[in-house]
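Beneath this line is the structure, given in structure tokens, with notes to follow.
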Amino acid sequence: VKPHLKTDDDLAGGAAAVERLREVVLDLDRAKHTEKALREETAALLEGLRAIAEARSSDELFARLLGAMRGPLSSDLAIVLADPSGDGRKLSVIASTDPSFVGCEVALGKALARSLGGRVSTLFDTSVVAELCAPPFDRIASCVLLPLAASTRALILFGSHTKHAFGPRQEQLVKRLAPLANQALRDVERSETIARAHRELQAEVAERKRVEIELRLAQKLEAVGRLASGIAHEINTPVQYVTDTVAFLQDAYHDVRVLLDSYREAFRALEQAGTALAQRIERAEEIAEVSYLDSNVPAAFARTEDGLARVATLVRAMKSFGAPDHTSKCLVNLNAAITTTLTIAGAEWRQVAEIVTELGDLPDVLCLGSEMSQVFLNLIVNAAHAITDAKRTEPGRILIRTWLDAGWVAISVGDNGVGIPDAIRERIFEPFFTTKEVGRGSGQGLAITQSIVTKHGGAITVDSELGVGSTFTVRIPA
Amino acid sequence: VFQAATGASSNPDPKEAVREAWAKASATRSNPRIVLVAGTVGYDLAVLHAALVEALGDTPFMGGTSHSGVMTDEGFFGEDGRALALFAIADDSGDYGIGQAPLGASPREAARQAVLAALIDADCEGQLPAAVWMITSPGGEEAVVQGIADAIGPDVPLVGGSAADNSLGGHWRQFVRGGVLENHVCVAVLFPSGAVSTSFHSGYDATAQHGAITRAEGRTVFEIDGRPATQVYNQWLEGSLDSVLAEGGGVLLAKSNLHPLGRFIREVEGVPYYVLSHPERAHADGSMSLFTDVTAGDTMVCMTGTVVNLVARAANVVRSALTNAGLRPTDAKGALIIFCGGCLMTVRDQIDEVHVNLKVALEGVPFMTTFTFGEQGRIAEVGNRHGNLMIATLMFTG
């Protein structure tokens with residue numbers, strides 16, 4: 001219907017109204033198109049979000065994100081470039097929909113640096129972008145770059161094999177994707193950080209426990225050492241005077257025996273004379289069992305001497321093993337330390353095995369002697385336990401060897417015990433790992449042994465065959 | 001952070017004009033990265049240019065001549081045909097580059113070369129800019145638009161205008177830091193740290209009068225519906241051109257400003273939209289010159305507009321750019337507006353009203369308006385186009 005316009009003002013008002021109406025129609029149309037574009041973008045973003053929401057690691061997130069966005073962006077490939085070294089010179093491909101790109105490096109030129117700085121950008125012709133002209137990146141003719149605010153500087157490149165494949169619409173989609181992808185990446189990285197921290201905390205707790213046990217054992221060992229040293233000192237005095245007394249008695253018995261022989265010559269004269277005195281003397285000798293004493297007293301003295309000698313050796317070993325711990329290293333004769341330890345650990349092995357030692361010529365080694373003695377003790381006790389576990393009828397055999405090996409001192413303790421199954425061989429040096437029944441081992445012996453050897457700049461290895469036996473070899477710098 | 005500042009002057013002395021305008025435009029927090037310039041041919045352009053080089057130092061600048069005056073957020077300048085306006089952009093996180101090339105025999109190739117040079121100048125070779133700002137000479141704008149698409153594709157928003165003089169005397173010029181240029185296309189590629197939004201409209205309605213061009217060459221229409229073009233156009237205007245035609249032809253602008261020819265672009269919700277061609281001159285042979293290229297077969301519709309529409313239109317275009325980007329005026333950080341010089345002739349007496357409308361729409365945002373003899377902009381869902389009697393805007397957001 002044609003409006004009824006009477007005046008110029010009516011005309012002007014009508015024109016303005018038409019103008020405004022046209023404006024509204026245009027704006028509505030634009031809004032309709034914008035909404036359609038936004039709906040399409042949102043659908044694509046939701047697809048991407050669904051893909052990345054379930055990612056549990058940054059690697060998984062990259063793989064899912066690259067795959068999910070290739071379609072909406074119509075890209076031929078997608079790669080993640082990172083600067084793990086942080087030197088700002090090169091970027092490495094750490095993920096790609098095209099495996100041939102993974103590991104390839106690209107110089108960090110202006111275009112990539114600009115995006116790395118936080119700008120979503122579109123390269124419509126990469127043939128004029130110097131850093132993307134080298135293989136395999138020269139297969140990318142155009143791309144959109146999405147910066148990632150990750151723990152390391154990184155960006156995602158959505159690429160195409162044709163120029164001008166991406167325009168403002170794709171750039172806008174990537175701009176909308178950027179904060180979502182970055183948030184997802186930050187979440188994943190935070191989870192990874194927490195998991196890593198948890199693992200580190202667990203390791204630290206285990207290490208602290210190990211150190212605490214090591215410390216407790218060291219303190220116990222030191223206490224035992226002090227006790228042994230004290231006992232040895234206390235035993236040594238009576239042993240000494242018992243030894244002296246036995247020597248005195250032996251001498252006295254010898255003198256009395258000489259005197260008795262003289263009396264026997266007199267006795268034989270009386271006997272020939274047939275005197276009653278002779279009969280009383282003979283009766284007295286029978287009662288005193290002189291013949292038995294003649295044949296057994298020397299042997300008794302010999303056994304007593306041998307026993308006292310063994311006690312003296314044990315006392316010396318106890319004094320040596322229980323010597324005050326040194327916080328600083330000193331030169332130690334390791335062969336002597338092994339011999340001493342064998343004496344101390346006698347109760348552990350004597351009933352189950354014979355010891356064979358092949359101790360080579362070794363220089364004195366700069367080390368903590370008491371700690372090395374603990375290493376030998378642990379290995380010898382372990383060997384004895386392994387032989388016991390083999391349940392053989394005949395005694396086992398523990399072979400201890402030492403030798404000089406190209407600047408290293410090597411000590412091996414071998415046994416013909418049960419051997420170590422392959423499945424647990426990697427774990428035997430772990431703290432608290434044990435296959436022994438409760439009360440027979442804390443699972444700390446080999447862990448502490450490895451710790452001590454490592455502390456001395458050495459290494460410990462094991463060769464083992466199930467049912468045949470094991471040999472532990474320690475090497476420390478000569 | 002993106003920051004824009006404007007400065008303008010109509011001081012008769014070009015050196016003083018530059019000094020006054022630059023004093024305001026350079027009041028940004030950091031040094032401007034680029035300055036866009038609009039000046040009138042009322043000045044000695046060589047002196048004006050030398051003063052700009054001296055005042056702006058190393059800051060790159062680009063611009064063109066504006067018809068009769070310029071406008072900024074401070075108002076309209078150019079009461080006596082002399083005016084200068086500067087639009088300075090400070091943006092440490094953005095990148096900007098300028099390129100230019102003589103239009104020569106191939107405006108299309110010239111535009112392509114100018115854009116590629118601008119990308120190199122911005123140190124962004126191969127990279128898609130957020131928008132392109134252009135100033136060219138009247139003639140061959142369609143090819144220029146196509147040449148820019150050749151370089152960076154058709155989807156980057158393009159806003160610009162054809163330099164104008166004060167009298168249709170062909171004195172329009174372009175200028176960059178290197179000198180005052182004639183018949184050049186100058187482009188600035190923009191990589192602002194914020195976003196951009198554009199709008200490109202006319203303020204005319206279609207009438208029932210229309211006809212098919214049956215003979216044309218370049219920008220000259222010889223025949224519409226098989227009859228001399230001026231005869232048909234005069235008929236559509238109910239004899240308004242009788243006096244001009246009686247004199248054997250002449251300038252048509254005063255008559256055609258409110259009655260341009262329109263070419264149908266698309267229909268929106270039943271409302272047809274047109275890109276306009278402005279009849280410039282009637283010739284004795286019955287042909288008619290326009291400010292756009294036309295080809296035989298194009299259907300031309302006689303459009304009609306009102307002063308009221310034109311006065312309101314600039315602000316509406318600005319509002320549209322804001323609406324398109326889902327922005328409030330306070331989100332905008334600066335606006336560049338291209339306003340048809342022909343429209344300015346029509347609304348010259350109401351130019352302060354135009355300014356007030358823009359101020360209200362932009363709520364204090366710095367803006368610069370250049371009055372041109374040809375406008376380029378982006379039509380939603382259609383692409384970048386050249387037209388006449390159009391208004392285009394490029395809005396920067398933070």
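Side-chain atoms are counted along with the backbone in the values below, which use heavy atoms only and exclude waters and symmetry mates. In what follows, chains carry the letters A, B, and so on, assigned in the order in which the sequence lines appear, proteins first and then strands, with residues in each chain numbered from 1.
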Greatest number of heavy atom pairs closer than 4.5 Å to chain A - which of Val307(B), Val317(B), Thr323(B), Leu119(B): Thr323(B)
Chain A contact via Ile120(B) - side chain, backbone, both or neither, heavy atoms under 4.5 Å: neither
Close approach to chain B in residues 178-200 of chain A, criterion heavy atom under 4.5 Å: none
Chain B-proximal positions within residues 119-139 of chain A [heavy-atom distance under 4.5 Å]: Arg119(A), Ser121(A), Thr122(A), Leu123(A), Phe124(A), Asp125(A), Val128(A), Val129(A)
Region of Ser193(B) in contact with chain A, defined by heavy-atom distances below 4.5 Å: neither
Heavy atoms of other groups near Lys255(B) NZ, more than 12 under 6.0 Å: no
Under the side-chain hydrogen bond (donor to acceptor under 3.5 Å, both in side chains) test, residues paired with Ser256(B) that sit two or more places apart: His278(B)
Neighbourhood of chain B inside residues 89-103 of chain A, taking heavy atoms under 4.5 Å as contact: none
Straight-line distance of Asp123(B) CG to Lys110(A) NZ, nearest 0.5 Å: 3.5 Å
Ala151(B), part contacting chain A, at a heavy-atom distance under 4.5 Å: backbone
Under 4.5 Å from a heavy atom of chain A, the part of Ser320(B) involved: both
Gln170(A) CD to Asp155(B) CG distance, which is reported to the nearest 0.5 Å: 8.0 Å
Nearest-0.5 Å distance that lies between atom CD in Gln127(B) and atom OG in Ser142(A): 13.0 Å
Nearest heavy-atom neighbours spanning Asp95(B) and Arg114(A): OD2-NE, 3.0 Å
